[in-house]
Amino acid sequence: MNKEHAITEEEKARQEEEMVDNAFQKLLDSYLSSPHRKKVDRITKAFNFAKQAHKGVRRLSGEPYIMHPIAVAMIASSEMGLGSTSICSALLHDVVEDTDYTVEDIENIFGSKIAQIVDGLTKISGGIFGEQASAQAENFKKLLLTMSDDIRVILIKICDRLHNMRTLASQPANKQYKIAGETLYIYAPLANRLGLNKIKNELEDLSFRYEHPEEYQSIKQKLASSQDSLNEQFDQFTQPIRAALDKMGFKYELKARVKSPYSIWTKMQNKHVTFDEIYDILAVRIIFTPKNREDEINECFQIYVAINKIYKSHPDRMRDWVNNPKANGYQAIHLTQMSKQGKWVEVQIRSDRMNEIAEQGFAAHWKYKEGSVVTEDEGELNDWLRTIKEILDDPQPDAMDFLDAIKLNLFASEIFVFTPKGEIMTMPAGCTALDFAFQIHTFLGSHCIGAKVNHKLVPLSHKLQSGDQVEILTSKTQHVQPQWINFASTAKAKGKIQAILRRDGRELQKRGEEALRTFLESHGLELTTSTLDKLCAFHDITKHEKLFQNLGQKKIVLGDKDVDILLAKKSGSSSGWRKYVPFLSSGDNKKEVKKTSDDNNEGNTSKELIVVTKDFNRKKPIYINEDNILRYVFPSCCHAIPGDDALGFIDNKQHIEIHQRSCPVAAKLKTSFGNRIIDAKWDMHHQLYFDATIQVRGIDRIGLLNDLTQVLSGQLKVNIRKISISCEDNIFDGTIQMRIHDRDEVEMVTSKLKKIDGLTEILQIK
C-alpha cells in the first residue's frame with residue numbers, strides 16, 4: 001500500500017515538474033518572438049534560482065508556487081513587451097520576501113539593476129495597504145517613489161496584481177472584496193495612467209466579476225446573445241470603409257472593439273439605463289501601417305476625411321489625440337459616425353505604432369541599454385512623477401486625503417488649455433482657474449486673486465473648458481484661503497493648499513501659545529495640560545491645537561472669566577473636561593453584548609449591536625435576517641437594502657457596518673482596512689419594509705400623475721410614503737418615496753413605470 005502511495009506521489013511530482021517546465025518554455029518562446037536582445041541564459045538562471053528558492057511551497061489553489069512568478073513574467077513579456085531585465089525581476093520578485101535570500105544575494109548573482117527592481121517590489125509587497133490607513137499611505141508612497149527610480153517596478157507590480165486577480169477564485173469572499181476593491185481603487189487607475197489600456201480593462205472586469213457576480217454574469221450572457229447582431233453590424237458598417245482604404249492603397253486591419261462588462265455596468269449605473277438602452281457597445285478600430293512613417297499623422301487625417309465622405313459625422317464627438325496625445329502617451333483620432341441602420345458608431349483611427357502604445361502604454365516607450373534606462377517621449381510621465389514627488393515632500397499629509405489627491409489625477413480625462421503666450425497645457429477635465437495657476441507655479445497659485453479666461457474676468461472657481469486661453473491675475477497681498485480646498489481639483493493644487501494652510505496653522509498656533517503663556521504668567525498661573533483641558537472645556541473646543549489657533553487668530557480673547565475657571569475649586573459635577581472623555585461620559589455606558597458562538601451571530605435575537613470578539617470567524621459570511629438586522633449598523637452613505645450586493649465592515653467599536661459593495665465609502669474601506677472586511681448575505685423573507693426613493697422625469701400631460709399612482713397603488717400595491725411633483729416648461733419632474741421589501745421590488749416598479757407614456761427617465765436614488 002505504501003509503495004502504491006509512493007508511486008502516486010512520484011507520478012504527481014513528475015506531472016507537476018512537466019507542468020512547470022512547459023510553462024517556462026512558453027515564457028521563453030514569448031521572449032524569443034520579441035524584438036529584445038536574446039539573453040536566454042540569464043532568464044533560465046533566474047528561473048532555476050526562483051524554482052529552487054520556492055521549492056515545496058504551494059499557492060492556495062494547490063499548484064507549485066513557482067507557477068506564479070512564471071505567470072507574472074509571462075504577462076511582463078507577452079502583454080507588456082518588457083525585456084530580459086524585467087522578466088528576470090518578475091521571476092525573482094517574491095524570493096527576498098518569502099525565502100531566506102537577501103537583496104545582496106540577488107545583487108551578487110544577477111547584478112545591481114535586477115536587485116534594485118526586486119528590492120523595490122519587496123518594499124511594496126503584500127498589497128499596497130497595511131493594517132492602518134497611515135501604514136497604507138506609507139506603502140503607497142514607497143510604490144510611487146520606486147516608480148521614479150525605475151518604472152519597471154510598478155509595471156511588474158501591475159503584472160503581479162493581474163495574475164493574482166486572474167487566480168482570485170481560490171481566496172475566501174472577504175479577501176476577494178479586499179483585493180478587488182484595492183485593484184479598482186489604485187491598480188486599475190495606475191494601469192490607465194501608464195497607458196496599459198488592455199490590462200486596465202481586464203483588472204476592472206475581474207474586480208467587477210468578484211464584487212458583483214450576478215450583474216457580471218448577466219451582462220456577459222447578454223453580450224454573448226447579441227454577438228451575432230454585433231458581428232452583422234460590424235460587417236455592414238465596415239464594408240464601404242474597407243473599399244475606401246483598399247482604393248487608397250493602405251495596409252490595414254479592422255477590429256471590432258466591444259465595450260467591457262465593467263464599462264457597460266458603470267454606464268448603466270451612472271445613466272440609470274438598462275443594457276438594451278446602451279447604444280455604444282460596438283466601436284470600430286482602424287489600425288494601419290503608414291506608407292511613410294514621418295507622415296503618419298497626415299495619413300490618419302486622410303483616412304478621417306475618407307470615412308467622413310461615407311458616413312455623417314457627429315459634430316461634437318471628434319477627438320484629436322494624434323496632434324495632442326493624452327498624458328499616458330495615447331494617440332488616435334476618435335470620431336462618431338451615423339451608420340446606415342441609424343445607430344451611432346465610434347471609429348478609432350491609429351497607426352500600428354500608436355496601437356502598440358495604446359496596448360502597452362509607457363512600456364512601449366522604454367528601451368534598456370547596458371543596465372541603464374533610456375527613455376523616449378516620457379515628458380508627460382516625468383511631469384506626473386514630479387507632481388507626485390512634490391506631494392510626497394509634504395511632511396504630514398492625512399493618509400486618506402493623500403490617496404484621494406493622487407487618485408484625482410490617475411483617472412482624470414484631459415482638456416487642453418492655452419497660456420497667454422499660446423503655449424498648450426494638458427489639464428484634467430473639471431479643473432478650475434486655481435488648478436491652472438498652481439500647475440504653472442506655486443507662487444502664482446498662492447497669490448492669485450482671479451483669472452481672465454478668453455479675455456473675460458472670472459473667479460478662481462471657474463471651471464475650464466478645452467481650448468480656453470487663461471491668464472492668472474495676482475496680488476502680493478493675497479494669501480491662500482481655507483475655502484480654496486473646496487474648488488481645487490488637481491492633486492498638485494490640493495497638496496500645495498493643504499501644505500500652506502498647515503504651515504500657516506503652525507505659525508498661528510505658535511502665536512496663540514505665546515499669547516496664552518503671557519496671559520497665564522500675568523495671573524501667576526502655569527501652562528499645564530490641566531490648564532489647557534479646562535480652557536478647552538470652557539470654550540467648547542476638543543483639541544489643544546485648535547485652542548492655540550483660535551487664540552492666534554484672535555477668535556478667542558482671554559479675560560476674567562477664564563481666570564475664574566482656572567482658579568475655581570474642583571467641582572463634583574460631570575461638567576468641564578470630563579464630558580470630552582468618552583469613557584467617562586455616563587451616556588455612553590451601554591451594555592455591550594459579547595459574542596460567544598462561532599456562528600457569526602446566527603439565531604441571536606438580542607437587539608444590542610453585535611460586538612466582534614477575537615473568536616469571530618472573518619472568513620465565514622454573515623447572514624442578515626429579520627431577527628438580527630437591528631444588530632448591524634447601516635450607515636447613510638449608501639442605504640443598503642435587501643437584494644444589494646453587500647459587505648460587512650468591522651468599525652473601531654467592533655460593530656459591523658453594512659455597505660453596498662459599490663459604495664464609494666466602502667471602496668476606501670476595502671483599500672485601507674481590508675482585514676476588517678467580511679462577506680455579508682441577505683436572508684430576508686419579505687417581512688420587513690425598507691425606504692426607497694425613485695426620481696421620475698418626462699413630458700407633462702393631463703392624466704400623467706393619475707397614470708403614475710394607478711400603476712403604483714392600483715397594480716403594484718406599493719406603499720407610497722410621499723410624492724413630490726414639479727412642472728416647468730412642460731417638463732415633469734418628481735420624486736416618489738416608498739416602502740418596499742427589497743431591491744427586486746424597486747426594479748419591478750421602475751420597469752413598470754417605464755411603460756407609462758411620457759415618462760422618459762426613471763432614476764433609482766440609492
Side-chain angles (χ1 to χ4, degrees), residues 75 78-79 162 165-166 183-184 188 191-192 195-242 245 252-271 273-288 303 307 310-311 313-314 317-319 321 326 328 330-350 352 354-361 411 413:
I75 294 168
S78 63
E79 298 182 49
L162 179 57
M165 288 301 296
R166 285 174 177 172
T183 300
L184 264 186
N192 177 70
L196 302 164
N197 195 50
K198 195 175 175 184
I199 288 175
K200 179 211 71 160
N201 287 338
E202 188 178 350
L203 288 173
E204 288 175 339
D205 277 350
L206 287 167
S207 299
F208 174 44
R209 176 181 167 186
Y210 287 103
E211 293 224 64
H212 305 282
E214 289 178 10
E215 285 97 329
Y216 175 81
Q217 288 302 333
S218 170
I219 291 172
K220 285 284 282 185
Q221 285 167 7
K222 285 172 181 172
L223 281 173
S225 63
S226 60
Q227 191 60 53
D228 290 343
S229 65
L230 288 172
N231 289 342
E232 187 181 345
Q233 187 186 343
F234 176 76
D235 291 340
Q236 288 176 346
F237 185 81
T238 56
Q239 195 174 356
I241 294 175
R242 287 180 193 276
L245 292 173
Y252 64 90
E253 185 183 2
L254 291 183
K255 285 186 178 178
R257 188 232 63 188
V258 178
K259 214 174 184 68
S260 69
Y262 177 76
S263 296
I264 291 170
W265 180 76
T266 304
K267 193 158 192 175
M268 286 167 65
Q269 300 301 304
N270 293 340
K271 303 280 186 184
V273 293
T274 63
F275 179 89
D276 297 327
E277 293 172 288
I278 294 177
Y279 299 112
D280 61 346
I281 287 174
L282 178 71
V284 174
R285 192 168 285 159
I286 301 170
I287 303 162
F288 71 97
I303 295 171
I307 293 171
I310 302 169
Y311 296 112
S313 182
H314 193 300
R317 293 181 66 177
M318 190 272 187
R319 298 287 180 269
W321 302 114
K326 288 188 177 184
N328 60 18
Y330 179 83
Q331 281 184 290
I333 294 175
H334 287 200
L335 56 151
T336 305
Q337 309 295 101
M338 177 61 75
S339 72
K340 302 288 192 251
Q341 289 73 39
K343 291 185 177 178
W344 290 111
V345 179
E346 183 179 82
V347 180
Q348 301 170 358
I349 305 166
R350 53 174 84 151
D352 50 5
M354 295 172 189
N355 186 62
E356 188 183 354
I357 292 168
E359 295 292 318
Q360 298 181 347
F411 246 156
S413 52

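Computed from a prediction, not measured in an experiment: that's the story for all the values here.
For Asp235, there are no salt bridge (Lys or Arg N to Asp or Glu O under 4.0 Å) partners two or more places apart in sequence or in a different chain. Judged as a side chain to side chain contact (heavy atoms under 4.5 Å, CB included), and not counting sequence neighbours, the contacts of Lys255 are Glu253, Arg285, Ile287. Under the rule for a side chain to side chain donor-acceptor pair (under 3.5 Å), the partners of Thr183 that lie at least two apart in sequence or sit in another chain are Arg161. Contacts of Tyr210 classified as side chain to side chain contact (heavy atoms under 4.5 Å, CB included), with partners at least two apart in sequence or in another chain: Leu168, Ala169, Gln176. Shown here are the ring-ring contact (aromatic ring centres under 6.0 Å, His included) partners of Tyr262, two or more places apart in sequence or in another chain: there are none. Checked against side chain to side chain donor-acceptor pair (under 3.5 Å), Asn355 has the following partners two or more places apart in sequence or in another chain: Arg350. Taking the side chain to side chain contact (heavy atoms under 4.5 Å, CB included) definition, one finds that Thr238 meets it with Phe234, Arg242, Leu254, Val284, sequence neighbours left out. For Arg166, the side chain to side chain donor-acceptor pair (under 3.5 Å) criterion is met by Glu79, Glu202, not counting sequence neighbours. In this structure, Gln239 has no side chain to side chain contact (heavy atoms under 4.5 Å, CB included) partners at least two apart in sequence or on a different chain.
Taking every heavy atom of both residues into account, Pro261 and Phe208 meet most closely at O-CE2, 3.8 Å. A pairwise comparison of heavy atoms in Ile264 and Ile281 identifies CD1-CG1, 4.3 Å as the closest pair. Scanning all heavy atoms of the two residues, the minimum distance from Lys200 to Ala188 falls at CG-O, 3.4 Å. For the pair Val273 and Lys267, the tightest heavy-atom approach, listed with the atom from each and the gap, is CG2-O, 4.2 Å.
Side-chain atoms of Ser263 and Thr266 include no donor-acceptor pair closer than 3.5 Å. Counting only N and O atoms by type, the side chains of Glu277 and Thr274 include a donor and acceptor under 3.5 Å apart.
In this structure, CD on Gln233 lies 5.0 Å from CG on Leu282, to the nearest 0.5 angstrom. In this structure, CG in Asn197 is found 7.0 Å from OH in Tyr330, a value given to the nearest 0.5 Å. Atom NE2 in His212 sits 10.0 Å away from atom OG in Ser207 (nearest 0.5 Å).
The stretch residues 207-217 participates, sequence neighbours left out, in these salt bridge (charged side-chain N to carboxylate O under 4.0 Å, His left out) pairs: Glu211-Lys670. For the salt bridge (charged side-chain N to carboxylate O under 4.0 Å, His left out) condition, no pair includes a residue of residues 217-226, sequence neighbours left out.
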Worked check of side-chain contact (heavy atoms from CB on, under 4.5 Å) between Leu223 and Phe275: CA-CA 9 Å; Leu223 281 173; Phe275 179 89; 4.0 Å; yes
Verdict with supporting geometry, Leu203 and Leu196, side-chain contact (heavy atoms from CB on, under 4.5 Å): CA-CA 11 Å; Leu203 288 173; Leu196 302 164; over 6 Å; no
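Between Ile349 and Phe288 the shortest side-chain heavy-atom distance falls below 4.5 Å.
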Could you go through residues 335-346 and list every donor-acceptor pair under 3.5 Å that involves a side-chain atom there, pairing it with any protein atom two or more places apart or in another chain?
{"unit_1": "Gln337", "atom_1": "OE1", "unit_2": "Ser313", "atom_2": "OG", "d": "3.2"}
{"unit_1": "Gln337", "atom_1": "NE2", "unit_2": "Asn308", "atom_2": "OD1", "d": "3.4"}
{"unit_1": "Gln337", "atom_1": "NE2", "unit_2": "Tyr311", "atom_2": "O", "d": "3.2"}
{"unit_1": "Ser339", "atom_1": "OG", "unit_2": "Gln341", "atom_2": "N", "d": "3.3"}
{"unit_1": "Ser339", "atom_1": "OG", "unit_2": "Lys343", "atom_2": "N", "d": "3.2"}
{"unit_1": "Ser339", "atom_1": "OG", "unit_2": "Lys343", "atom_2": "O", "d": "3.1"}
{"unit_1": "Lys340", "atom_1": "NZ", "unit_2": "Ile310", "atom_2": "O", "d": "3.3"}
{"unit_1": "Gln341", "atom_1": "NE2", "unit_2": "Gln236", "atom_2": "OE1", "d": "3.0"}
{"unit_1": "Glu346", "atom_1": "OE1", "unit_2": "Gln348", "atom_2": "NE2", "d": "2.9"}

